[in-house]
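Residue numbers begin at 1 in each chain, while the letters A, B, ... track the order of the sequences.
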Protein chains: 2
Amino acid sequence: MDRTAAEPAEGSLLLDDQLCFALYAASRAVTARYRPLLDELGLTYPQYLVMLVLWDQDSVSVRELGAALQLESSTLSPLLKRLEAGGLVTRERRPDDERSVAIRLTEDGARLRDRARAVPVAIGDAMGLTPEQDAMAKRLLRLLTVNVSDGGSGG
Amino acid sequence: MDRTAAEPAEGSLLLDDQLCFALYAASRAVTARYRPLLDELGLTYPQYLVMLVLWDQDSVSVRELGAALQLESSTLSPLLKRLEAGGLVTRERRPDDERSVAIRLTEDGARLRDRARAVPVAIGDAMGLTPEQDAMAKRLLRLLTVNVSDGGSGG
DNA sequence: CTCAATTAAATTGGGCACTAACAGATCGAC
DNA sequence: GTCGATCTGTTAGTGCCCAATTTAATTGAG
């Protein structure tokens with residue numbers, strides 16, 4: 001079995017031994033790759049993620065968006081105002097609970113979906129992973145996210 | 001319906017089909033997990049990454065740091081000024097090439113290394129991946145980073 | 001029921017990070 | 001000495017998190 005590198009020591013402080021750095025670098029590289037594609041749609045990367053949720057399920061509250069994207073409302077509020085200013089969504093208080101704000105697509109926002117369809121195809125192509133590698137990466141990243149989020153220190 | 005194992009459609013716009021979202025969420029979750037540990041060291045997460053480089057190799061230029069961390073000088077300059085203000089590093093022009101700025105650890109900065117040793121251990125524990133999963137994740141993330149950075153559209 | 005306290009949802013403000021675009025200084029070649 | 005290239009720093013805009021505030025709904029004591 002050929003192994004790319006030796007097993008790093010348990011408490012290594014070398015940058016290249018850190019999974020966290022590989023994760024951080026990959027995340028920024030992917031976001032950078034999205035940028036020119038999303039520029040054409042007039043979206044930033046987090047805005048694109050919000051639109052993905054709305055294209056799947058229209059009329060969600062800020063709180064529900066935060067739950068889906070694991071983002072705080074203090075991140076979403078200004079972001080949603082920019083989407084509203086761009087004419088892609090509307091924001092209005094829910095009549096039955098005026099603490100909540102319902103986010104809905106405008107016609108422009110709904111129309112953008114067709115143009116956005118090319119984006120994940122192009123990115124998937126650029127990522128250059130086999131379907132098996134893609135599935136494995138998603139599985140590992142979700143496991144990591146769950147473990148790290150749950151305050152669990154269990155191995 | 002259960003589509004956890006199903007192969008997502010090529011051009012799916014569902015949030016949960018996107019590897020990019022799994023990556024983005026994992027990256028933020030890991031950073032959040034680091035926060036309380038790094039708070040005790042008086043470091044932010046990117047500052048910690050810079051310190052990892054310096055603990056391995058003292059006296060590096062801004063350019064070299066940028067190459068190691070894949071960050072621009074416009075990110076590093078203010079970050080390094082904060083580290084300098086915190087008394088962890090010094091910045092001075094290189095005598096042989098006064099365009100370059102040499103970043104060096106102060107005694108406090110060097111001393112911090114011992115306290116930092118517990119950090120990757122705690123994080124590794126929280127991540128809860130087996131050594132095989134950890135190695136696989138790093139391998140996939142690096143492959144992803146290279147593919148996505150190289151402008152390659154190859155599959 | 002009425003009023004105060006508590007909880008919930010969203011917003012606002014401040015600090016750090018990231019990017020793109022630009023400005024200053026220095027080096028090397030000529 | 002001039003010119004192009006290199007290295008660093010600065011500025012403006014967005015995103016992210018934390019802490020504090022505002023507004024609305026709920027709960028509890030009388």
Check for me, please, whether L43(B) and L14(A) land in the same ILVMFWY cluster - side-chain distances under 4.5 Å, paths through other members count. no
Could you write out each protein N or O paired with an N or O of nucleotides 3-6 of chain C at a distance under 3.5 Å?
none

Parallel, tilted or perpendicular: which one describes the rings of Y45(B) and Y34(B), with boundaries at 30° and 60°? tilted
Using the test side chain to side chain donor-acceptor pair (under 3.5 Å), find all partners of R99(B) that sit at least two apart in sequence or belong to another chain. D97(B)
dC17(D) P sits how many Å from L38(B) CG, rounded? 15 Å
Residues in residues 88-102 of chain B with a heavy atom under 4.0 Å of DNA chain C, by number, are D97(B), E98(B), R99(B)
Does L141(B) share a hydrophobic cluster with I123(A), counting links as ILVMFWY side-chain heavy atoms below 4.5 Å and allowing steps through other members? yes
What is the distance, rounded to the nearest whole Å, between atom CZ of R33(B) and atom C1' of dC17(D)? 17 Å
Could you check how far CG of L43(B) sits from C1' of dG15(C), rounded to whole Å? 16 Å
N/O donor-acceptor pair under 3.5 Å between T31(B) side chain and S27(B) backbone: yes
Just N and O in the side chain of K81(A): are any of them under 4.0 Å from OP1 or OP2 of dT11(C)? no
Say whether V30(A) and L140(A) are linked into one hydrophobic cluster, either directly or through other cluster members, by side-chain heavy-atom distances under 4.5 angstrom. no
Can you list every pair that meets side-chain hydrogen bond (donor to acceptor under 3.5 Å, both in side chains) and has a residue in residues 83-95 of chain B, with sequence neighbours left out? E84(B)-R91(B)
What residues form a side chain to side chain donor-acceptor pair (under 3.5 Å) with S74(B), not counting sequence neighbours? none
Where do A29(B) and T145(A) come nearest, in terms of heavy atoms and distance? CB-CG2, 4.0 Å
Please give me every residue in residues 56-79 of chain A whose heavy atoms get under 4.0 Å of an atom in DNA chain C, ordered by residue number. S61(A), V62(A), R63(A), S73(A), S74(A), S77(A)
For L83(B), the option from T44(B), L88(B), L76(B), T106(B) that meets side-chain contact (heavy atoms from CB on, under 4.5 Å): L88(B)
Neighbour count above 12 (heavy atom, 6.0 Å) for R28(A) CZ: yes
Rounded distance (Å) that lies between atom P of dT10(D) and atom CG of L80(B): 12 Å
